Amino acid sequence: MKDLKRTKIKELLDAPVIGKKVNVKGWVRTFRNNQFIAINDGSTINNIQGVVDFENTDEKLLKRITTGACISVTGDLAESKGKGQSVEIIVENIEILGDADPEKFPLQPKKHSLEFLREIAHLRVRTNTFSAIYRIRHAMIFAVHKFFTDRGFYNVHTPIITGSDAEGAGEMFRVTTLDPANPAKDEDGNINYKEDFFGKETNLTVSGQLEGETACMGLSEIYTFGPTFRAENSNTSRHLAEFWMIEPEMAFYDINDNMDLAEAFVKYLVNYALDNCSDDLAFLNQRALDDEKTKPQQERSELSLLERLKFVAENDFERVTYTEAIDILRNSKPNKKKKFQYLIEGWGADLQSEHERFLVEKHFKKPVILYNYPKDIKAFYMRQNDDGKTVAAMDVLFPGIGEIIGGSQREERYGILKQRIDEIGIPEKDLWWYLELRKFGSAPHSGFGLGFERMIQFVTGMTNIRDVIPFPRTPDNAEF
RNA sequence: UCCCCCUUAGCUCAGUUGGUUAGAGCGGCUGACUGUUAAUCAGUAGGUCCUUGGUUCGAGCCCAAGAGGGGGAGCCA
């Protein structure tokens, strides 16, 4: 019996062989009627039922089969006599691999709040909801690599520690080995970074884009997929201090090629989830429907999770210039009735969340790509359009999440880029290598960044970003 | 960082105008039952009412400060 090889529950359920002796290892979800064990090993959202002959099993052993305990079960696979499952294991032997004291184990066979589960993030993977999210997250990671690989893109690892302070995407986390209580000082009494590990100030990356651009100017099409760190004091359901971002950079792509790729990419990911995660999505869909029932009619969404995913996969995104968007917003009902907190008056102001939501959720009712933004509200590296006022930037906006992708055609003309850097006042010594790309064999190129967790939010229907990453890092929280 | 809301049993929550001994469901424990499906039935234990200070004869309830959590805004992906 000892040398019988373990079978994963997914394999058992996908291709059951009635009468075969099998061994399964996993965690007890419930133990009903002193007889029926629901066992889950995370290979699928579905449990296998173990049927115990309780009359011929040691009572002390039965007592240890509690919710959360880890067990190994051996027996013959049989067609189930009950109704809720097709097959079950007629248990011959049970081994308790790890007890879970029922008075202390916090998970119960009942619905828990997401807030409570966040506090026990080391255990929440043992729930249906979170194991489904973990599995979908994995499928999406794989799909990202497959999408780009199939198109001839190369994955590039850009540095996590950066010596550049010019990425321009927000506050950075400092990386140092200096003693915080007694740092090395120079003659003027300032901190002497020459004594620091790298001999200069260093930070955690806020974007791999600039390094990614160097790679695309030799490999043509590349993408990065790595951790990203922002020390912004953001407390929202869609921001993390540590998150994962996918950043493709493509030589010879203009802004339209860039938008085409972004749209195809997002649709590919959604389709991949629909095709490969149906059990988990069906569970999350039902979970969301149950959740909706507790809300007032007004706040319920018109489409279910699965309907939303199919809608995005099947419909073209709406592409609208910033200027057109301003016209739509200026003439919109909420603007005329002064319902917007920030009223749209003229051209040039950045759009607020409420405006983006109006365009996506009320006006177009589909994902929207806004492009050609005023240059003054966008980053220095974005390519200036011939009108002298706008840059070839684009944002992909999703319902409920907002900006899921931000990108642009990059400024490839040395003179214009140099002038912009000077205007904004970025020290050229930090960007000499970035400028050299424009000196030696420069080429039109484009790229974008996709917030991976925001994508997972959309695919899983989870409304808080802290629930789609195993151990979220947010201001005042680095537990686990 | 700003605005709003919340914090009562392990979990989810109720608790009347401030009034005696703070409740329910689920979970735990004990027992019954034994083809269950978040099993069912009976019994039982379990409380720093977030913390500190204040008002009051009396505070879970009122006031102030703090802590933790949530929602929204800004920043962005």
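All values reported here derive from a predicted model rather than from experimental measurement. Just so it is clear: chains get the letters A, B, ... in the order the sequence lines come, proteins before strands, and each one is counted from 1.
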**Q.** Secondary structure string for RNA chain B (Watson-Crick or G-U under 3.5 angstrom, | for other-strand pairs)
**A.** (((((((..((((.....[...)))).(((((.......))))).....(((((..]....))))))))))))....
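- Residue A/F243 contributes atom CZ, which lies 16 Å from atom P of B/C75 at whole-angstrom precision.
- Between the CG atom of A/L397 and the P atom of B/C76 there is a distance of 14 Å, rounded to whole Å.
- As rounded to whole Å, 14 Å separates atom C1' of B/U12 from atom CD1 of A/I120.
- When the nearest nucleotides of RNA chain B are assigned to A/F116 and A/F36 by heavy-atom distance, the more 5′-ward of the two goes with A/F116.
- Separation of the P atoms belonging to B/U16 and B/C6 is 14 Å when rounded to the nearest angstrom.
- Taking atom P on both nucleotides, B/U40 is separated from B/G47 by 26 Å, rounded to a whole Å.
- Distances were taken from every side-chain heavy atom of A/K63 (C-beta onward) to each of B/C29, B/G35, B/G31; the shortest belongs to B/G31.
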Q: Would you give a per-nucleotide map of nucleotides 38-49 of chain B, 5' to 3', where B means the base has a protein non-hydrogen atom under 4.0 Å away, S means only the sugar-phosphate does, and - means neither?
A: BB----------
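- Under 3.5 Å, the side chains of A/E292 and A/S301 contain a donor-acceptor pair of N or O atoms.
- Residue A/K104 has no polar side-chain atom (N or O) positioned under 4.0 Å from OP1 or OP2 of B/C29.
- Separation of the P atoms belonging to B/G46 and B/C13 is 24 Å when rounded to the nearest angstrom.
- Remark: A/T67 engages A/F105, A/P109 in a side-chain contact (heavy atoms from CB on, under 4.5 Å) (not counting sequence neighbours).
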Q: Given side chain to side chain contact (heavy atoms under 4.5 Å, CB included), test A/L210 with A/L431 step by step and report yes or no.
A: CA-CA 9 Å; A/L210 303 189; A/L431 285 175; 3.9 Å; yes
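- Residues A/G84 and A/I377 both approach RNA chain B. Their nearest nucleotides, taken by heavy-atom distance, put A/G84 toward the 5′ side.
- In summary, the side chains of A/D53 and A/N56 do present a donor paired with an acceptor at a separation below 3.5 Å, with no hydrogens or angles considered.
- Checked by distance alone, A/Q85 brings a side-chain donor or acceptor within 3.5 Å of a matching partner on the base of B/U37.
- Counting only residues at least two apart or in different chains, salt bridge (Lys or Arg N to Asp or Glu O under 4.0 Å) contacts with residues 347-358 of chain A comprise A/R357-A/E361.
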Q | Reading 5' to 3' through nucleotides 66-74 of chain B, protein heavy-atom contacts under 4.0 Å coded B for base, S for sugar-phosphate only, - for none | A | ----SSBBB
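- Look at the P atom in both B/G19 and B/U1: the space between them is 38 Å, to the nearest Å.
- For the C1' atom pair drawn from B/U8 and B/C49, the interatomic distance equals 4 Å after rounding to whole Å.
- Taking atom P on both B/G70 and B/A64, the two are 24 Å apart, rounded to the nearest angstrom.
- Listed by chain and number, the residues in a salt bridge (Lys or Arg N to Asp or Glu O under 4.0 Å) with A/K267 are A/E263, A/D316 (sequence neighbours excluded).
- Rounded to whole Å, the distance from CD1 on A/I456 to P on B/A77 is 18 Å.
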Q. Taking it one step at a time, do A/K378 and A/D395 satisfy side chain to side chain contact (heavy atoms under 4.5 Å, CB included)?
A. CA-CA 11 Å; A/K378 288 291 180 184; A/D395 287 351; 3.2 Å; yes
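- The separation between A/F54 atom CZ and B/A32 atom P is 11 Å, rounded to whole Å.
- Residues satisfying the side-chain contact (heavy atoms from CB on, under 4.5 Å) test with A/W27, not counting sequence neighbours, are A/C70, A/R126.
- In this structure, the ring of A/Y253 has its center no less than 6.0 angstrom from the ring center of A/H445.
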I'd like a table of donor-acceptor pairs (distance under 3.5 Å, sequence neighbours excluded) in which one partner is a side-chain atom from residues 473-480 of chain A, with atom names and distances.
{"from": "A/R473", "atom 1": "NH1", "to": "A/E479", "atom 2": "O", "distance (Å)": "3.0"}
{"from": "A/R473", "atom 1": "NH2", "to": "A/F480", "atom 2": "O", "distance (Å)": "2.5"}
{"from": "A/N477", "atom 1": "OD1", "to": "A/E479", "atom 2": "N", "distance (Å)": "3.2"}

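- Every residue meeting the salt bridge (Lys or Arg N to Asp or Glu O under 4.0 Å) condition with A/K10, not counting sequence neighbours, appears here in chain and number order: A/D14.
- Residues that satisfy the side-chain contact (heavy atoms from CB on, under 4.5 Å) test with A/A264, not counting sequence neighbours, are A/F147.
- When the nucleotides B/G35, B/A77, B/C26 are ranked by their closest atom to the side chain of A/Q108, B/C26 comes out on top.
- Within the nucleic acid shown, A/G449 comes within 4.0 Å of sugar-phosphate atoms alone, with no base atom in reach, counting heavy atoms only.
- Using atom C1' as the reference point in both B/U51 and B/C4, the two lie 22 Å apart (nearest Å).
- Distance, A/L123 CG to B/C11 P: 13 Å, rounded to whole Å.
- Nucleotides B/C63 and B/U17 are separated by 15 Å at their P atoms, to the nearest Å.
- The separation between A/I404 atom CD1 and B/A77 atom P is 13 Å, rounded to whole Å.
- Here A/P106 lies out of heavy-atom contact (under 4.0 Å) with every strand.
- A/I401 comes within 4.0 angstrom of no nucleic acid atom, judged by non-hydrogen atoms across all strands.
- Every residue two or more places apart in sequence or in another chain that forms a side-chain contact (heavy atoms from CB on, under 4.5 Å) with A/K8 is listed here: A/R6, A/E11, A/D41, A/S43.
- Atom pair A/E171:CD and B/U1:P shows a separation of 13 Å (rounding to whole Å applied).
- Nucleic acid contact class of A/E88 (heavy atoms, under 4.0 Å, all strands): base.
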Donor-acceptor list for residues 241-248 of chain A side chains, cut-off 3.5 Å, not counting sequence neighbours:
{"from": "A/E247", "atom 1": "OE1", "to": "A/G208", "atom 2": "N", "distance (Å)": "2.7"}
{"from": "A/E247", "atom 1": "OE2", "to": "A/S207", "atom 2": "OG", "distance (Å)": "2.9"}

